[in-house]
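Take a look at the structure below.
Everything quoted here is computed from the prediction, not taken from an experiment. Because only heavy atoms are used, hydrogens play no part in the values below, and waters and symmetry mates are left out as well, while side chains stay in.
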Amino acid sequence: MLSIEGLQSGYGRIQALHGIDMHIDAGQIITLIGANGAGKTTLLMTLCGKPRAFAGRIVFEGEDITRLPTHEIVRRGIAHAPEGRHIFPRMTVLENLQMGAVVTPGKYFADDLDRVLTLFPRLRERLDQRGGTLSGGEQQMLAIGRALMSRPRLLMLDEPSLGLAPLVVRQIFQIIATINRDQGVTVFLVEQNAFHALKLAHHAHVMVNGRITLSGSGQTLLADPAVRAAYLEGGHAVVEEAR
């Protein structure tokens with residue numbers, strides 16, 4: 001579905017990604033873990049067209065989208081729920097969801113809205129409430145729901161558990177599994193909560209200083225001693241190149 005080849009990116013003269021190679025197959029949950037500043041968010045944003053790649057290619061369903069503007073990337077079936085949610089706080093829940101649907105034909109809106117509200121019943125109760133007055137968990141649900149309103153085939157989630165209570169974190173990960181399993185949406189998940197993310201993943205990668213240093217199934221990385229030391233047991237080990 002998505003092929004990333006030799007991708008380099010960054011901000012101005014600061015290079016954050018150093019030759020990323022990655023493939024995402026349709027129907028899977030792919031997880032990317034790594035420390036703060038590793039380049040995870042930059043990778044997702046580069047896939048969305050901002051910032052632009054310095055070098056390399058991004059190919060989605062056979063089309064090179066490396067130089068496409070963000071709205072055209074969304075039209076082709078890629079949606080991004082960013083770190084920090086970035087909902088529209090003064091808009092109602094319904095208006096936020098309408099914003100997510102601007103790239104899709106209007107004839108799908110009612111069905112898509114019902115699908116999102118079935119997935120997130122709490123949002124149904126708050127349709128007329130301003131987004132900024134929602135709890136953190138509800139705002140995260142709204143951010144994911146808004147992304148789903150664009151009818152994506154690839155959903156990219158950046159730190160969806162950030163700042164949430166443990167019970168809400170479990171709910172969010174259960175919903176991600178449901179989106180993948182029941183709606184057939186491929187998920188690219190960036191997370192610091194490595195335990196939950198790796199348990200959920202069909203395939204996973206570790207990023208260190210803008211490079212992919214280790215790849216494997218979610219269960220394989222979950223059992224890897226270096227990964228456990230760096231991300232699951234409170235250690236600060238650096239995961240070296242895959243052996």
Side-chain angles (χ1 to χ4, degrees), residues 1-10 15-51 53 56-60 65 73 78-85 140 143-144 147 152-162 169 172-173 175-177 179-180 185-224 226-232 236-242:
M1 172 178 269
L2 183 72
S3 178
I4 303 168
E5 305 168 1
L7 190 65
Q8 300 179 40
S9 183
Q15 185 164 346
L17 303 179
H18 303 273
I20 301 297
D21 293 301
M22 185 185 299
H23 298 277
I24 295 178
D25 293 331
Q28 291 193 335
I29 297 175
I30 305 298
T31 289
L32 179 64
I33 63 172
N36 281 335
K40 307 184 303 298
T41 292
T42 300
L43 175 57
L44 292 193
M45 293 182 67
T46 302
L47 296 179
C48 291
K50 290 184 178 181
R57 297 175 73 225
I58 305 165
V59 179
F60 180 65
I65 64 169
I73 293 171
I78 298 177
H80 180 207
E83 180 182 3
R85 299 142 200 168
Q140 186 61 67
I144 296 173
R153 293 183 296 284
L154 174 62
L155 175 63
M156 304 194 302
L157 303 174
D158 195 352
E159 304 285 4
S161 74
L162 186 66
V169 169
I172 292 295
F173 279 102
I175 289 167
I176 293 170
I179 292 169
N180 173 252
V185 177
T186 304
V187 178
F188 186 15
L189 172 64
V190 164
E191 254 297 337
Q192 287 195 57
N193 191 326
F195 177 74
H196 284 295
L198 292 176
K199 280 186 67 176
L200 201 62
H202 297 100
H203 199 77
H205 305 274
V206 176
M207 178 176 279
V208 177
N209 296 329
R211 294 177 171 85
I212 300 297
T213 59
L214 193 64
S215 300
S217 71
Q219 292 301 316
T220 297
L221 265 61
L222 198 57
D224 187 285
V227 173
R228 296 190 65 85
Y231 304 109
L232 300 174
H236 300 283
V238 173
V239 181
E240 302 295 345
E241 295 290 338

Exercise for the section: Report yes if some heavy atom in the side chain of V59 is under 4.5 Å from a heavy atom in the side chain of I65; otherwise report no. Expected result: no
Practice task
Taking the side chain as every heavy atom from C-beta outward, state whether V206 and Y231 have any atom pair closer than 4.5 Å.
Solution key: yes
Exercise for the section: Can you measure from CG (L232) to CG (L221) and round to the nearest 0.5 angstrom? Expected result: 9.5 Å
Fill in the blank from the handout: Interatomic distance, CG@L47 vs CG@L7, rounded to 0.5 Å, equals 6.5 Å
Completion exercise
In terms of heavy-atom contacts, P51 and G10 come closest through CB-O, 3.4 Å
Handout entry: Donor-acceptor contact below 3.5 Å, side chain R153 vs main chain V185
Key = no
Handout entry: Non-hydrogen side-chain atoms of D21 and I212 separated by less than 4.5 Å
Key = no
Completion exercise
Output for pair (S9 OG, L43 CG), nearest 0.5 Å, gives 8.5 Å
Practice task
Decide yes or no for K199 and L222: does some side-chain heavy atom of the first lie under 4.5 Å from some side-chain heavy atom of the second?
Solution key: yes
Exercise for the section: Could you list the residues that satisfy side chain to side chain contact (heavy atoms under 4.5 Å, CB included) with H196, not counting sequence neighbours? Expected result: V169, R170, F173, N193
Practice task
Could you tell me whether the side chain of K40 and the main chain of A35 form a donor-acceptor pair under 3.5 Å?
Solution key: yes
Practice task
Sort out for me which residue in L32, L200, I30, D158 forms a side-chain contact (heavy atoms from CB on, under 4.5 Å) with L189.
Solution key: L200
Exercise for the section: Determine the minimum heavy-atom distance between L162 and R85, stating which atoms define it. Expected result: O-NH2, 2.8 Å
Practice task
Mark yes or no for whether N180, through its side chain, and G27, through its backbone, hold a donor-acceptor pair below 3.5 Å.
Solution key: yes
Exercise for the section: Kindly compute the distance separating NE2 (H23) from CG (L2), expressed to the nearest 0.5 Å. Expected result: 9.5 Å
Handout entry: Any side-chain heavy-atom pair of I24 and F188 under 4.5 Å
Key = yes
Handout entry: T31 (side chain) donor-acceptor with A197 (main chain) under 3.5 angstrom
Key = yes
Exercise for the section: Determine whether V227 and L198 make a side-chain contact, defined as any pair of heavy atoms from C-beta on separated by less than 4.5 Å. Expected result: yes
Handout entry: Shortest non-hydrogen contact from D224 toward A226
Key = OD1-N, 2.8 Å
Handout entry: For H18, all residues meeting side chain to side chain contact (heavy atoms under 4.5 Å, CB included), sequence neighbours excluded
Key = Q15, R211
Exercise for the section: Please answer whether the main-chain N or O of Q192 pairs with a side-chain N or O of E159 as donor and acceptor at a distance below 3.5 Å. Expected result: yes
Completion exercise
Sorted by chain and residue number, the side chain to side chain contact (heavy atoms under 4.5 Å, CB included) partners of T220 (sequence neighbours excluded) come out as S217
Fill in the blank from the handout: Shortest non-hydrogen pair, A147 vs L155, comes out as CB-CD1, 3.7 Å
Fill in the blank from the handout: Rounding to 0.5 Å, atoms CE (M45) and CD (E83) come to a distance of 10.0 Å
Handout entry: Donor + acceptor pair across side chains of E191, S161 (<3.5 Å)
Key = yes
Handout entry: Pairwise side-chain contact, M156 with I78, heavy-atom cut-off 4.5 Å (strictly under)
Key = yes
Exercise for the section: With side chain to side chain contact (heavy atoms under 4.5 Å, CB included) as the test, would you mind laying out the steps for M207 and L17 before giving the verdict? Expected result: CA-CA 10 Å; M207 178 176 279; L17 303 179; 4.1 Å; yes
Practice task
Would you tell me whether T186 and Q28 have side-chain atoms, one donor and one acceptor, within less than 3.5 Å of each other?
Solution key: no
Handout entry: Distance, nearest 0.5 Å, that separates CD of Q140 from CD1 of I172
Key = 5.5 Å
